[in-house]
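Read the structure below first, then the notes.
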Amino acid sequence: MKTEDLKNSQEYKYGFSTDVENIRAPKGLNEKTIKFISNIKKEPKWMLEWRLKAFNRLKVLKEPDWQKPKYPKIDYQDLYYYSAPKSVSDKPKSLDEIDPKILETYKKLGIPLDEQKRLNGIAVDAVFDSVSVATTFKDELTKKGIIFCSISEAIKKHPDLVKKYLGSVIPLSDHYFATLNSAVFTDGSFVYIPPHTRCPMELSTYFRINASETGQFERTLIIADKGSYVSYLEGCTAPMRDENQLHAANVELVALDDAEIKYSTVQNWYPGDENGVGGIYNFVTKRGACRGKNSKISWTQVETGSAITWKYPSCILQGDNSVGEFYSIAITNNHQKADTGTKMIHLGKNTKSKIISKGISAGKADNMYRGLVEIKNKASNSRNYTQCDSLLMGNKCGAHTIPYIKNNNSTSTIEHEATTTKINEEQLYYCNQRGLDQEEAVSLIVNGFCKEVLQQLPMEFAVEAQKLVAISLEGSVG
Amino acid sequence: MLNIKNLEAKVDNKHILNGLNLDIKPGEVHAIMGPNGSGKSTLANVLSGKNGYETKGEIKFDGQNLSELSTEERAQKGIFLAFQYPLEIPGVNTNIFLKTSLNSVRKARGEKELDTLSFLKIVKEKSSELGIDEKFLSRQLNVGFSGGEKKKNEILQMKILQPKLAILDETDSGLDIDALRIVADGVNSYKNKDNAFLIITHYQRLLDYIKPDFIHVLSKGKIVKTGDAELGVELEKTGYANFI
């Protein structure tokens with residue numbers, strides 16, 4: 001089996017798979033599958049109806065094809081839509097009840113779920129294939145009225161919040177992948193921060209695809225009530241397989257008056273091998289609504305994995321004086337492709353947005369920044385600043401920037417700056433002359449190039465991300 | 001320490017060095033002077049192992065054939081080049097660059113890598129010797145530095161990395177008299193019986209401050225005249241015409 005060969009490769013250290021017994025829905029995308037998912041999750045009736053409504057809508061939607069990276073047609077009837085390790089089908093009540101193999105997996109990934117061992121005070125929700133296996137530090141958060149649990153649990157325990165906000169940022173009928181997610185989403189995280197509460201620790205979700213031939217459809221919903229603050233991180237890995245696997249997530253953020261959400265992603269799904277075989281299709285819809293006045297949503301993403309990354313974390317700036325930010329590092333190497341950027345929709349007065357995008361392309365990869373900045377006619381005195389920098393390594397890769405800019409208010413301004421540079425041989429020589437080898441030199445220069453974005457990440461993740469940046473580009477120069 | 005025999009170097013099929021011979025022993029200061037295009041910077045680049053040169057002949061450093069070593073290995077073995085035009089590396093903090101560099105060299109020498117605290121102690125000491133403000137070290141490497149600051153930074157790196165052979169490629173160019181004196185003091189304070197200098201310059205000016213043991217006149221890729229410090233004074237008066 002090819003997967004075995006792939007394991008010998010050193011480049012992707014998260015490429016192992018875990019041998020656990022799974023419960024799966026039968027293959028295929030149909031009402032039966034959706035009912036299976038809803039049923040196994042013991043969901044209320046309204047949730048099933050919501051899913052079926054999405055499914056009906058999906059029937060008339062077409063898969064988009066305007067993106068730059070093309071991929072072979074996906075046979076949606078040949079995928080599993082639900083896969084869960086058998087041992088957690090009846091959700092474990094404590095960490096002791098989790099299959100030790102799964103705990104071991106997270107340990108290998110550097111995410112110990114054991115609360116006593118976690119020194120850095122980050123609460124973690126771990127999602128393994130289609131289910132959430134553990135959420136740490138729950139009690140401590142509950143004392144403050146903060147809800148941090150799997151979305152499945154929230155549907156049962158906090159139906160009012162879920163009903164009110166689910167699909168309020170990404171509507172049921174939004175577009176093909178988002179609607180597909182609404183029909184078949186399996187698990188993900190739910191966060192609610194009560195008014196005037198500052199979440200005392202970083203909240204983090206760790207996504208892991210394990211089962212083969214399985215799509216992962218995670219759904220995350222974060223609500224920051226008036227005057228609250230939360231910083232949320234997600235990390236992702238997958239085993240090496242020679243098939244392409246689909247990951248189509250929906251993430252919705254809602255910030256009410258004076259609230260702030262900081263959402264950071266370190267995406268390191270399996271990128272495929274050096275010949276472009278295998279890897280994750282990362283087709284994700286992420287959108288935040290700055291619904292209240294003076295609210296703020298800040299997206300930071302470090303995208304190093306996946307065969308194809310196709311996503312535009314966006315901000316809808318509804319509230320007056322609201323602020324949207326997007327900081328992105330997208331690295332593509334070998335045959336990886338990325339078409340990523342953001343959308344900043346200015347609706348309220350005095351709204352501000354800032355976009356800092358750093359695209360790095362190596363090998364035969366193709367990297368595209370695509371972004372929309374739209375200032376609507378009522379958004380007086382609004383401002384956007386966009387900076388897109390591309391760095392090319394070698395001469396077989398590509399970098400593209402497509403900004404869409406629409407300003408319908410004469411009192412508002414939009415600024416766009418873009419640069420494309422090739423990694424400079426003289427800089428490398430200078431570093432080599434100071435004793436740094438080629439890899440160290442590349443890592444130093446690239447991390448310097450990405451600095452403005454890396455600075456946005458919480459400390460613990462920034463260090464990880466810097467290493468990841470270096471690893472992703474290993475062997476790409478010289 | 002350094003033995004160059006019959007060194008030839010070509011770039012894009014153009015001959016630049018044509019049979020150059022040079023021996024440098026520990027404790028010596030050698031100056032290379034010569035008109036523009038005589039091959040001075042090429043010599044510095046070939047010694048440090050820059051890509052793009054086709055070479056013939058032999059260069060031995062401490063008995064080891066240099067052509068077998070990569071640029072970084074040469075640096076780790078103790079060859080340092082102070083660049084004529086130090087490179088800017090945006091986003092990279094000068095201190096972090098210096099620390100990464102020092103630790104790469106230490107690692108290669110089998111020495112323990114330094115933690116941030118002990119590193120900062122060294123930097124503090126060396127930079128105050130050169131009159132470099134510490135704030136300057138938290139700026140991005142060479143970005144927005146003046147010509148003088150860049151050259152001082154090169155000398156600082158030399159003092160931190162402690163090379164056996166330091167090659168200074170026109171380090172004096174673009175320096176005002178105060179900066180020149182600081183650079184020269186930096187070199188003089190580092191000089192000892194175990195290390196050596198190869199100073200490439202156009203002008204006698206720098207040699208008023210750093211006294212060379214030998215001055216070589218380079219012309220068309222060859223050393224055409226070797227003398228002591230007096231030769232520099234003579235060159236300053238008469239120009240290169242008598243030697244080439």
Side-chain angles (χ1 to χ4, degrees), chain A residues 302 327-329 331 356-360 387-394 417 419-457 459 462-463 465-467 469-470 473 475 477-478, chain B residues 44-53 69-94 96-109 111 113 139-143 150 153-154 156-158 160-163 166-167 169:
Chain A
V302 178
Y327 296 93
S328 169
I329 298 170
I331 298 180
I356 307 285
S357 162
K358 305 278 179 179
I360 299 154
Q387 187 190 324
C388 293
D389 298 320
S390 306
L391 185 67
L392 295 166
M393 305 177 78
E417 284 179 26
T419 64
T420 303
T421 45
K422 222 176 142 176
I423 196 153
N424 186 321
E425 291 291 326
E426 292 285 327
Q427 286 176 334
L428 287 173
Y429 168 51
Y430 188 67
C431 294
N432 293 153
Q433 213 300 306
R434 296 298 182 256
L436 275 61
D437 65 26
Q438 205 71 343
E439 306 287 1
E440 286 174 310
V442 169
S443 156
L444 194 82
I445 294 168
V446 171
N447 276 307
F449 174 78
C450 300
K451 193 182 176 192
E452 289 157 280
V453 177
L454 290 170
Q455 276 173 340
Q456 297 298 323
L457 289 171
M459 198 54 191
V463 176
Q466 275 190 29
K467 282 188 208 148
V469 164
L473 290 167
V477 168
Chain B
N45 289 338
V46 167
L47 289 176
S48 67
K50 189 179 184 184
N51 289 333
Y53 295 95
L69 302 179
S70 66
T71 307
E72 63 269 22
E73 286 168 330
R74 295 178 198 203
Q76 290 157 359
K77 293 230 179 290
I79 294 180
F80 177 87
L81 171 61
F83 280 57
Q84 186 178 357
Y85 304 108
L87 274 293
E88 298 186 359
I89 307 188
V92 176
N93 177 295
T94 303
I96 289 176
F97 179 77
L98 292 177
K99 184 173 169 234
T100 313
S101 169
L102 178 59
N103 277 336
S104 302
V105 169
R106 289 180 67 96
K107 206 161 88 186
R109 290 176 187 163
E111 293 164 3
E113 290 184 47
R139 285 163 57 185
Q140 300 176 40
L141 184 64
N142 289 327
V143 177
K150 283 183 185 172
N153 190 16
E154 294 290 286
L156 173 65
Q157 293 180 45
M158 176 190 82
I160 288 173
L161 296 178
Q162 309 252 309
I167 306 163
D169 189 5

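Numbered from 1 within each chain, the chains take letters A, B, ... in sequence-line order.
The backbone N or O of B:Glu88 sits less than 3.5 Å from a side-chain atom of A:Gln427, completing a donor-acceptor pair. Looking at A:Gln433, its side chain does come within 3.5 Å of a backbone N or O of B:Leu81 through a donor-acceptor pair.
Taking the six-membered ring for Trp and thresholds of 30 and 60 degrees, B:Phe83 and A:Tyr429 have ring planes inclined between 30 and 60 degrees apart.
Expressed to the nearest 0.5 Å, how far CD1 of A:Ile445 lies from CG of B:Leu141 amounts to 10.0 Å. In this structure, CD in B:Gln76 is found 13.0 Å from CZ in A:Arg434, a value given to the nearest 0.5 Å.
Ion pairing between B:Lys50 and A:Glu426 holds under the 4.0 Å rule for side-chain N and carboxylate O.
With a 4.5 Å cut-off on non-hydrogen atoms, A:Glu440 touches chain B through its side chain but not through its backbone. Within the 4.5 angstrom heavy-atom criterion, atoms from both the backbone and the side chain of B:Pro86 approach chain A. Within the 4.5 angstrom heavy-atom criterion, atoms from both the backbone and the side chain of B:Asn45 approach chain A. Heavy-atom distances place the backbone of A:Phe449, and not its side chain, under 4.5 Å from chain B.
Ranked by heavy-atom pairs under 4.5 Å with chain A, the list B:Ile89, B:Leu161, B:Ile96 is led by B:Ile89. Between chain A and the options B:Phe80, B:Phe97, B:Tyr85, heavy-atom pairs under 4.5 Å are most frequent for B:Phe80.
Counting non-hydrogen atoms of neighbouring residues, nucleotides and ligands closer than 6.0 angstrom, the NZ atom of B:Lys150 exceeds 12 such neighbours.
For A:Leu444 against B:Val92, the heavy-atom pair with the smallest separation is O-CG2, 3.3 Å. Across every non-hydrogen atom of B:Ser104 and A:Gly435, the tightest pair is CB-O, 3.2 Å.
Applying the side-chain hydrogen bond (donor to acceptor under 3.5 Å, both in side chains) test to B:Ser101 and every residue at least two apart in sequence or in another chain returns nothing.
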